[in-house]
Structure formats: structure tokens, C-alpha cells
Asks: 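Quick one: this structure, given as C-alpha cells, is what I'll be asking you about.
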Amino acid sequence: MEQLAFLTEAQVRDIQREFGTPVFVYDQKTLEARAEEALNFPNAFGLTARYAMKALPTAAILQIMNRAGLHIDASSGFEAERAMRAGVPPAHILLTAQETPVNLKALVDRGVIFNACSLQQLRLFGERYPGREVCIRVNPGLGSGHSNRTNVGGPSASFGIWCEHLGQVGEIKRKYDLKIGRLHTHIGSGGDPEVWEHCALISLRIASQLPEVETLSLGGGFRVGRMADESSADLQKIGLHVVEAFRAFYGQHGRKLTLEVEPGGYLVANAGALICTAIDSVDTGKDGYTFIKVDGGMTEVLRISLYGAQHPIVVVPGEMEMRGKKAYLVAGHCCESGDVLTPEPGNPEGLAPRLLTEAKIGDAVVIGGVGAYCSGMSSKNYNSFPEAAEVLLARDGGFHLIRKRQRLEQVVANEVLLKTDPAVSG
């Protein structure tokens, strides 16, 4: 039986009444505790810890991370703009994007650090900014994600300049008189200290071929356990392995490299919960299943349908009610067979009933571990459902609305109605 992470049952009922459902709730204390862990990542010669804002880009969350001392890793020009609107200094933003931003000049001119992720991006930067310093992202040749969908290193990943193309990097560098002062690599999500050390050594070997590099950014998320039987990465153990690699590099090459890390999900995943309401219950006979239907789903938590991800689920009964347990599949509100919140572990196509508190229509149903890659990666507006509201549980115990619930008028605001029938007017 899963348990609530940072909310009490009374708080859940209060939020359900005051803000409606579905609603995301984030815990400021947890956010700040995880930020402190990242800022204390072991390092040999200096550290910059960045928050990979794609995990949860809501402005209030960016403000908390910025005030805690974290810099920002942005994955698009739009994310960089959002970060600056939230008060993040441009010089604290590293822009690492698959798509070269159309507003690149405006961003670089304001002080955003550009990370070239391909030879074409590096060439474009050189044409526009000859003689300037730039960061490059290199695919080190391997990764450690738990699947191809989260593995962003190695031959199956399009991210970064392939490690065997450094000769072409040198040609572009010389042509445009660039200084490559930063090197960025990314291995995916993991938590094995030996794997991190191995990837750090590979990245350092690449850095040894780039004599002007002063900063090495070891991108890649740290594994975070959402379910009770899942473990999270130990940043101290990982960091100590990396420290030794950096010291050995200094002894061999005489360069004290500054380390950068950029966790995303690790910082916010377990700081978030989605409160839904049980809206229906159906069964498929004695040999079938009993379903709880809730008023949220893939419109808020797409990663379950996308990855078969496991999230804790808790039914919160009415006050002073004592109920038994029952096995349920939990279904979302979308007209989509894949909108089931209880897939079989390790098999996204399978179904696995959960033993939950017996549910009644109107009960709150809390989905845990949704701080990362949920609000920011949802299939919002599918079936025309409005975007959910977001609430912050502040350090003082108060609840603050940080994103209003979207209205239907906002969902359709950019649509343009035809004035005539094209088939007739043409």
C-alpha cells in the first residue's frame, strides 16, 4: 500500500474543495532540500549545479530553484525566455537545444550561454559570433538510460556532436576563431556510481583533446525512485567517484576543470502530487477487472502511457471513514485505451491492479511522484480538457495557486474560424 509523501489526508481534502481537481501540488520544503543536495555535489575544483527546467518549467518553481542558488539548463529558446521572465539572470542559463532557436541572437546578446549540439549549430554560431567563446555538446559514445526513450548517449541518440567528429570541430573552431571553453556530455538517467565514473573518464578524455576547455558539464539525470520499492541515486557516492577522475585529469594535464551537473527529475519528481477525484467505477465481470475512473490522466501524467512508468496511487476516503482494501485498475478520463494509470511493472502493454483503499465516487485519488515530466510534458487539451491548476505548499504550510486552471476560451483562443466554405469559395 502506497502512502502520501508530503500531504496529509486532511490537506488533500482541503485542496480538493478549495482548488478543484485535477490539481498539481508541489512541496517547497522538498524542492529546497533536493536543491541543497545538488549544490553539495562533491567536486574537485568548483561546481555549478543547474536545474534542467524541462522537468517542471512553472515560473514559481523556477523562482524557488533560482533563489536556492541553482543555475538553469534550458532545452529551447522558449525555455530560456521563460527562465528570464521568472527572474533568472541570462548568464545563469545554458541553452542546449535540438533546434537552433530563431531568437538565438537576442538570447546570446543578453548573455545566455549557447551549447552547440551539432556541427551545423557550431558552424552557425561561428558565422554569427566569430572570435567568441562557445560550449559544445559531444555524444560520448554511450549512455545509461533505462530504455532507448531515456537514453540520450550512444549511437542510437541524435543528441550532440559524435565523439569521432572532433576533427571537424577543430576545423570550424579555427575558421571562426572560436574558443571552446566548455564541454557538455549527457548519458541519460542513472544512478550507478561506477557508470558515472566511467562516463566521466570518457568525457575527460574528450576534454583532453580540447585544450581550452575549462568547464566540463556532466549532463544526465540521476535516478529517482517514485515507488516504495524503488531506490534513488546517491549523489554523494556518485560525486566522490567523479572527484577522483577530475583530480587524476589535473595530475595528467595540469588543468583544474570546473564541474557542472544538471539534474531535473531528481530535484522535483517526489515534490509533486496530482490530486484527482474518483468520478466513476465500472467492472468487466468476474473474470475481468474493477476500474476506478478519475478526472485526470494522460492529460496530466503522460509518462505512464508513454513509458509504462510506475507512480504511487492513494485513495483518500472521507473524514473519519474506515474502509477495507480492494484491487483496482485506475483509468484516466481520456477516450483513449492507453489512459490507464496502473500498467504492469516492466510491461507498458500489461495491466496490474493495485490494492487500494476501497473507493467511492467523490473520493480524492492522489497520484504521487508527478513533480517531473508531468505538467510540463502532458498531452494537455487532448479531448479538449483544460490544463490543470497548480498549487504550491509553502514552507509555512499555506497553499498558493501558482497556475490557474485553463478555461475553454483559452484552449480555443488561437483557432481561426473559416468565413466561407473553402470548397465553395475556391
Side-chain angles (χ1 to χ4, degrees), residues 46-55 57 59 61-63 65-67 69-139 152 158-162 165-166 168-186 203 206-207 209-220 257-264 376:
L47 171 75
T48 297
R50 298 185 183 277
Y51 168 51
M53 64 176 285
K54 64 181 180 179
I61 305 302
L62 296 177
Q63 288 179 304
M65 296 303 187
N66 181 42
R67 291 168 184 166
L70 294 173
H71 291 204
I72 292 295
D73 170 65
S75 294
S76 72
F78 298 107
E79 282 196 346
E81 290 282 3
R82 286 181 75 172
M84 288 187 287
R85 289 188 182 193
V88 179
H92 287 186
I93 301 171
L94 178 68
L95 173 57
T96 306
Q98 284 282 80
E99 175 183 286
T100 304
V102 294
N103 60 339
L104 177 61
K105 184 178 187 304
L107 295 172
V108 172
D109 287 349
R110 292 173 69 178
V112 172
I113 304 166
F114 182 61
N115 187 12
C117 297
S118 69
L119 294 171
Q120 170 61 18
Q121 285 191 359
L122 182 61
R123 192 176 295 110
L124 180 63
F125 184 88
E127 291 172 354
R128 295 182 182 179
Y129 300 99
R132 296 278 290 272
E133 181 173 339
V134 67
C135 178
I136 63 169
R137 176 173 179 169
V138 174
N139 184 331
V152 292
S158 67
F159 304 95
I161 301 168
W162 184 243
H165 297 336
L166 291 183
Q168 295 179 63
V169 169
E171 292 172 6
I172 297 171
K173 173 189 178 301
R174 289 187 292 273
K175 181 176 180 179
Y176 298 106
D177 191 29
L178 297 174
K179 176 186 177 182
I180 300 176
R182 293 169 179 265
L183 172 63
H184 176 272
T185 61
H186 201 304
S203 300
I206 296 170
Q209 302 173 60
L210 301 166
E212 295 177 318
V213 165
E214 299 168 340
T215 300
L216 176 56
S217 177
L218 292 177
L257 299 185
T258 299
L259 170 67
E260 289 195 0
V261 293
E262 50 178 40

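Residues take their numbers from the sequence shown, with the count starting at 1.
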Asks: Can you confirm whether His184 sits close enough to His186 that some side-chain heavy atom of one is under 4.5 Å from a side-chain heavy atom of the other?
Replies: yes
Asks: Just so I know, are the side chains of Glu171 and Lys175 near enough to count as touching, which here means a heavy-atom distance under 4.5 Å?
Replies: no
Asks: Could you check if a side-chain atom of Leu178 sits within less than 4.5 angstrom of a side-chain atom of Leu122, using non-hydrogen atoms only?
Replies: yes
Asks: Would you give the length of the straight line joining atom OG of Ser76 to atom CG of Leu95, rounded to the nearest 0.5 angstrom?
Replies: 7.5 Å
Asks: Have His71 and Glu260 got a donor and an acceptor in their side chains that come within less than 3.5 Å?
Replies: no
Asks: Within the 4.5 Å heavy-atom criterion, are Lys173 and Leu210 side-chain neighbours or not?
Replies: no
Asks: Do the charged groups of Glu262 and Lys54 touch, with an N to O distance under 4.0 Å?
Replies: no
Asks: Of all heavy-atom pairs between Thr215 and Val213, which one has the smallest distance, and what is that distance?
Replies: O-CG1, 3.5 Å
Asks: Under 3.5 Å, which donor-acceptor pairs link side chains of residues 78-88 to any protein atom two or more places apart or in another chain?
Replies:
unit_1: Glu79; atom_1: OE1; unit_2: Ser75; atom_2: N; d: 2.7
unit_1: Glu81; atom_1: OE2; unit_2: Asn103; atom_2: ND2; d: 3.2
unit_1: Arg82; atom_1: NH2; unit_2: Pro57; atom_2: O; d: 3.4

Asks: Taking the side chain from Arg50 and the backbone from His92, do they hold a donor-acceptor pair closer than 3.5 Å?
Replies: yes
Asks: What closest approach, in Å, do Leu107 and Gly77 show between heavy atoms, and which atom pair accounts for it?
Replies: CD1-CA, 3.8 Å
Asks: Name all pairs fulfilling the salt bridge (Lys or Arg N to Asp or Glu O under 4.0 Å) condition that reach into residues 89-108, sequence neighbours left out, sorted by first residue then second.
Replies: Lys105-Asp109
Asks: Tell me, do Leu62 and Tyr51 make a side-chain contact under 4.5 Å, heavy atoms counted?
Replies: yes
